[in-house]
Amino acid sequence: MWDRLAASDPGLLRLTAGLRTVTAIALTLAVLAVLRVPVPQLVAGAMAAMVATFALREKQRGPQAVTLALGLPVALVSVTLGALLNQQVVAGDLFFVVLIFCAVYGRRFGDRGTALGLIGFQIYFLSLFVHATISGLPALFGVICVAFSGSAAARFVLLPQTPAGTLDRLRRAFRARLAQLLATQAELLDAGPDGVEKVVEELRTGTARLHETALMIQGRLEDGTSDPAVARLLQRRIADAEIAAERLGLLLLTARSAERTDTLTLHLPGAPLPSGGELPVRDEATAALRRDLKALRVLMLRPAGEASGTALAHVRNRLLGYREEENLPKAAPAVQDVFRGLGEAARAALGLRIALDGPQDESDDSPATARSREELDAEDAAIEISEESEPEKAEPAGLQRPTTRAALQVAVGSSLAIAGGELLSSQRWYWAVLTCWIVFLNTASTGEILVKGYRRLLGTVLGVVAGIGLAGLVGHHTWTAFALVLLFIFAVFYTAPLSYTLMSFFVTAMLGLLYTLLNTYSMSVLVLRIEETALGAACGVIAAAVVLPIHTDRRTNDLLMATLDRLADVTRGAVDQLSGGTGGDLVEQARELDQALADLRAATQPLTHPITPLRSRRDTARYVVALLETCAYHGRSLAATAELLPTHPSIAADPRLRGACGRIVHNIEAIAAHVADPRSTAEIETGSSIASMLEPGTARTPRYGRVTDRVLRHLQRLDEAVSGLARPLGVAGGPAQPGK
């Protein structure tokens with residue numbers, strides 16, 4: 001059950017965020033209850049504690065403490081201005097717009113600027129929510145101080161979280177998700193014709209979740225490790241395990257069919273299965289395969305302290321033995337390929353275990369296992385940290401700076417929301433402003449804002465229905481209502497990364513309880529909440545579409561070009577190193593490719609959302625992203641193989657590969673040029689297969705296990721996937737030019 005929890009919530013980040021926020025609020029309420037403050041101040045304390053907890057974004061404890069300390073005076077000044085301007089309609093509204101602009105513009109100063117801006121805005125909103133007055137300021141000051149103290153106690157004493165601890169939990173999550181993927185792959189062997197599509201869909205989901213966890217680990221390596229060499233080693237082993245697991249899934253799909261499986265099968269939902277997904281022959285080899293898939297899963301999950309003993313050593317030796325041709329069982333070539341893939345996955349598991357848990361007992365090693373350890377040791381010793389600093393990318397200046405643009409958009413949208421909100425209600429107009437503010441958080445295009453506004457409105461409508469029922473059940477039972485508020489707050493932070501609609505639902509249901517506690521609840525108040533939310537979302541979309549707009553097409557094109565550039569860099573660098581040159585920091589280049597693709601995938605959500613009316617564009621966007629995920633997989637595999645070259649005893653550079661790579665890089669650059677300028681005359685080149693492009697007389701039948709043959713397979717698939725991008729993106733193609 002712990003492994004399932006670790007897999008569903010990598011690093012326990014959502015659980016920690018929810019528990020920490022609830023704990024901070026509970027501590028604040030406990031202290032205020034002892035002081036016997038009135039209910040409005042209890043509500044203010046709960047909201048302030050929540051803001052002080054979720055606003056902080058730094059990963060190190062020291063910077064977190066500094067930001068929290070700076071946030072307290074910001075909060076006190078904000079609530080003071082709120083109380084002073086509460087009755088000054090024009091001056092108060094103008095100041096609120098200026099505050100919103102400054103809060104958003106503060107994002108350019110990093111996590112601390114973002115946190116202080118968020119605290120300033122939310123505490124000002126709190127003063128409006130509880131109708132703060134000048135006479136009540138001393139009491140509110142005390143409440144806010146208690147709230148910040150409760151947040152500090154929850155963060156630094158009761159639920160401390162260090163970067164190293166978070167990284168350790170993420171590594172546990174990676175193991176758990178890898179084990180879940182292996183379990184799904186085992187199910188694939190026994191799936192019948194009617195159930196194979198469901199299993200393949202689970203295989204796609206498991207592969208995507210494993211990749212998501214790998215990206216999360218890569219993003220925290222710098223903070224979670226003290227030694228750059230350790231960080232690089234762990235990054236390498238995580239990448240090896242991810243690639244081996246994905247390759248194993250492809251080999252299993254191929255073993256079920258009469259032809260080699262296209263990598264796109266694992267990346268495009270609804271992609272047809274090759275040859276209809278025929279069942280494997282149930283013979284001794286497939287029985288052994290089924291047994292060894294389960295054994296690999298057990299080895300991956302077993303902690304270091306339990307991964308010892310003769311039985312486990314025997315299993316490990318058997319799996320690693322499949323890397324040797326003489327140990328392969330008699331079976332069809334496709335099934336033998338799966339056993340080879342098992343051997344490579346076992347090697348990746350061994351490398352990951354050594355990187356995570358340190359040296360292991362070697363007394364029961366077989367010759368094959370000993371050779372695998374020697375290869376891993378040689379790779380570890382060869383890992384060096386590049387001292388070359390990356391040149392800083394020039395950021396846009398003036399109005400083109402993202403923070404400046406967003407600040408202007410939010411300011412204009414909030415002005416519209418204030419004007420419209422005042423017409424709906426002179427008392428609760430601020431709900432429209434809050435919605436306008438929130439739809440701009442973590443969004444960068446008009447389409448993203450539209451989708452986020454729709455989700456918030458849907459969650460609000462459902463939350464109003466729940467709030468009506470809860471208000472009737474709870475009545476005026478103060479502490480029962482506060483207990484439910486705490487439960488909903490936990491649900492808000494636990495579901496936020498999963499579903500913005502769910503988060504909005506719990507927020508609105510919680511507000512219904514808070515209105516009940518403040519004796520301001522009525523049906524009309526909750527209906528007004530829906531109206532103000534719809535107005536705020538509409539104002540946000542209008543501002544994003546009119547003020548320095550960034551349309552979804554423009555943003556996705558920019559990110560698509562960035563992804564293609566990263567793909568070209570990885571391909572060029574990997575093949576250059578495999579040809580005898582120096583390809584640079586290939587692991588870091590592969591990480592940059594993965595991050596660029598993740599940004600593109602997030603930006604295309606407005607195009608792939610179920611409510612989009614443009615079905616053809618939705619299908620095209622999904623197809624292009626799936627093809628790019630296929631390209632990224634082959635690019636990562638090429639980079640991982642190239643990284644083995646300096647130390648691996650059975651790998652030698654092959655200069656012929658450099659020529660085979662030229663067409664792929666040319667086609668990537670041609671597609672990027674067409675995306676940048678649709679009038680570009682660049683064309684992709686088509687022609688014979690990659691294997692046939694080698695020098696005459698050197699072609700031979702590929703044999704899995706020879707590194708050149710494996711590289712050729714990845715290059716061939718990459719060539720096909722890149723050529724496949726040309727059709728949906730409207731790039732013309734022609735035969736390869738002589739000499740290229």
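The closest side-chain donor-acceptor pair between T213 and R177 falls under 3.5 angstrom. With hydrogens and angles left out, the side-chain atoms of S151 and T53 include a donor and acceptor closer than 3.5 Å.
A salt bridge is defined here as a Lys NZ or Arg NE, NH1 or NH2 lying under 4.0 Å from an Asp or Glu carboxylate O, and R572 with E669 meets this definition. Looking at D569 and R566, a side-chain N of the basic residue comes within less than 4.0 Å of a carboxylate O on the acidic one, giving a salt bridge. Remark: E58 engages R112 in a salt bridge, criterion side-chain N to carboxylate O under 4.0 Å.
Panel note: side chain S680, backbone A676; no donor-acceptor pair is recorded below 3.5 Å. Between the side chain of T205 and the backbone N or O of E201 there is at least one donor-acceptor pair closer than 3.5 Å. S127 places a side-chain N or O within 3.5 Å of a backbone atom of Y124 that can act as its donor or acceptor partner.
For Y430 and W437, the ring centers sit 6.0 Å or farther from each other.
Using bins of under 30°, 30° to 60° and over 60° for the plane-to-plane angle, the ring pair Y105/F109 lands in the perpendicular bin. A perpendicular orientation is assigned to the rings of Y633 and H714, their planes being inclined by more than 60° (bins at 30° and 60°). Ring-plane geometry between F121 and F96 is classed as parallel, the angle between the planes falling under 30 degrees on a 0 to 90 degree scale with a further cut at 60.
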Audit row: R232, E588, salt bridge (charged side-chain N to carboxylate O under 4.0 Å, His left out) steps and yes/no: CA-CA 9 Å; R232 182 175 171 82; E588 184 60 28; over 6 Å; no
